[in-house]
There are 2 protein chains.
Amino acid sequence: MAKERVTVVDIARAAGVSKSTVSLVLQGSRLVNEVTRAKVNASIRELGYVYNRSAANLRQAKSKIIGIVVNDLTNGFFAELAVGVDAVVQSAGFVQFLANTGERIERQREVIASMREHGVSGLIVSPARGTQAADLAPLVASGIPVVLVVRDIAGAGVSSLTSDNHAGAVAAVRHLVERGHRRIAFLGGFADTAVFEARMRGYRDALGEAGLDVPEELVIGSAPSRAGGVTAIEQAMMLKERPTAALCFNDAVAFGVCDGLRARRLEPGADFAVIGFDDVIEAKTAVPALTTVSVDPQGMGERAAELLLKQIGAGQADAQAIVSPVRLVVRQSCGAPIEHRVKEVSP
Amino acid sequence: MAKERVTVVDIARAAGVSKSTVSLVLQGSRLVNEVTRAKVNASIRELGYVYNRSAANLRQAKSKIIGIVVNDLTNGFFAELAVGVDAVVQSAGFVQFLANTGERIERQREVIASMREHGVSGLIVSPARGTQAADLAPLVASGIPVVLVVRDIAGAGVSSLTSDNHAGAVAAVRHLVERGHRRIAFLGGFADTAVFEARMRGYRDALGEAGLDVPEELVIGSAPSRAGGVTAIEQAMMLKERPTAALCFNDAVAFGVCDGLRARRLEPGADFAVIGFDDVIEAKTAVPALTTVSVDPQGMGERAAELLLKQIGAGQADAQAIVSPVRLVVRQSCGAPIEHRVKEVSP
DNA sequence: GGAGTAATTTAGATCGTTCCAAAAGACAAG
DNA sequence: CTTGTCTTTTGGAACGATCTAAATTACTCC
């Protein structure tokens, strides 16, 4: 039962060639004759050979592995991001190491170290909350290409791919203002992240532009989750002057806000306008369909992967910060007419 | 900038010992003297040494990598499963290769092959729909420990960890019957999976046990997603004799069913009883909170990982099929009283 | 048939670690 | 001072691929 490992030497013997030739066949070199190649491939199949990447890797120091580190995989946004990365990376012949940090910096340090030991040729990181440039310094110093995604870190000196959070928030708030809202809340999210800061700034700027002032009590932080949304809206509705609309930190919060509204017998969309951020898959099929700022997580994952692969290919490219555009997708949760909702559900 | 790689030999030189000693220190052997160990560790830190697992791996043929293959990462259930696996696997000093097949068997074949090339010491697989025992045969023959999770495959000859889908469905339907429902639908899911088959059988058995017959038109399949749930309930409500309650294939479908009910101005829980399956995190915080059969995906991931690690440790254990128990969690969507809903939201 | 060129093939060193067997040192007992 | 027992340390051969430079074979054209 304990089968001996089949190696290139075994195949070489079986096919009557040298191991060098087998190696050439394995890497698809065009140097080798058609008949020889066929013979070798036949032996490979026959003996059930499994390529040993550790060995190859040892010799050539480039591994066909890329690592992806996300801060919270149970959040649909990041899961989709990972799927986008996976798609691109796989079709380029790479395989991905995925690790979840659960927002723990210590864990993040561990997984990054582990990935370096495995010789990843590049790393896509959505950093845990509170990650400092110093935390990434050893990684960056090693010269491994790194792309930060979603959350940028000032002074880290690596490429980043973020979404235009400021513009998205501005667009959302403008839309609410156009629909006549005057008391607009900003709900959910942790205030210590760059993403929160940017969205919040967009919210303030758009209100200022409309000549509205920004009452502090209308900015209510919470966990960026569905449960957090429920508590945030509860708090908002206890104010003496209640808001009539809210821009939410992300879609999860927005769903929570809808839940909280229903709990008070208010209908999201009709009685209170809700706008989310991210456009996760569920946003479209929820009832009411969620108006949200589309960030296209899967697309972001794909672009991040492409950027990383380019850097891996180019050896050493200098860091670039890409801000990908977003667009407001108007659906029903902000008060748009409701008649054709079911039609919008994809088949 | 192009730094030379630091190897054990460099450290040996710096610390004034042989590379064998350095190697012993690296593996934490107790054979080496305390002072020597300290000297070596100092040099390691000083030179910024990074362990090369490919090299180690080449020599000792056991890799500290386990692979996890899931069929749909964008589904919260599987993302949570992956997180559970990750937690256990990491703390055992392993790292996980995660790949998403998106229910494509061809892709599944590719990623499994790729994982074997990387020398994973074990594999946790939630197989894509339609996977046959034959698809896994080469993998199984190689002797790598494999644990199938969520979906078992008859005749594959490997261990599996599934949930007690039959018992869960029975409990759910019994509950609905006790609450007085007589026309109970089974909504969503693809009929060609073992999971569907088991839940469905539980549904039928419980109805039979209550002396109710099972009208074919009340079993309505659909994609196991939120969108699928919307279409399934639409279809159910077009019947001449409408159901008053439904057991859904999973939570995503159940949420879709709630959406679809609202679209018809029916309140889930009050006007129609809905029960889901899986108990994803959102089930608790949704409004109305979803009554569902708790499967605890994260816990399943953890148990699957533990089972796999045990098999890796034991060399060759024989296949065992573990069915993990489930329990019905009664919340509001099946018509329970509604007053304390907000209290149940976790802080 | 031989020179020149192009197409294939190959021996052998090499990558960075672990393992084995054996050597070296330390110490106690005779 | 030898011998024996422990504790530490070590050289050198693996592991399974790739790479380099050189060797071999095949072909073309006088």
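So you know, we letter chains A, B, ... as the sequences are listed, proteins then strands, and number each from 1. Atoms considered below: every heavy atom in the structure, side chains included; atoms not considered: hydrogens, waters and symmetry mates.
- Between B/Gln27 and C/dT18 there is a side-chain N or O to OP1 or OP2 distance below 4.0 Å.
- Of the candidate nucleotides D/dT8, D/dT10, D/dT18, D/dT8 has the atom lying nearest to any side-chain atom of B/Asn33.
- At a cut-off of 3.5 angstrom, counting only N and O atoms as typed in the model, there is no donor on one side facing an acceptor on the other between the side-chain of B/Arg59 and the base of C/dT17.
- Between B/Leu47 atom CG and C/dG16 atom P the separation is 14 Å, expressed in whole Å.
- Close to D/dC19, at under 4.0 Å from its OP1 or OP2, lies a side-chain N or O of A/Gln60.
- Looking at the side chain of B/Ser20, the nearest of the listed nucleotides D/dA17, C/dC19, C/dG12 is C/dC19.
- Residue-to-nucleotide contacts include no donor-acceptor pair under 3.5 Å from the side chain of B/Ser18 to the base of D/dG11.
- Put simply, B/Thr21 has a side-chain N or O that comes within less than 4.0 Å of OP1 or OP2 on D/dT10.
- Contact annotation: B/Ser23 reaches the phosphate of C/dT18 (side-chain N/O to OP1 or OP2, under 4.0 Å).
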### Message
One pair to check against side chain to side chain contact (heavy atoms under 4.5 Å, CB included): B/Leu73 and B/Leu98. What are the steps and the verdict?
### Response
CA-CA 10 Å; B/Leu73 196 58; B/Leu98 183 142; 3.8 Å; yes
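- Here the P atom of nucleotide C/dC20 and the CG atom of B/Leu31 are 12 Å apart, to the nearest Å.
- When distances run from any side-chain atom of B/Arg5 to the nucleotides C/dG16, C/dT9, D/dA17, the shortest one goes to C/dG16.
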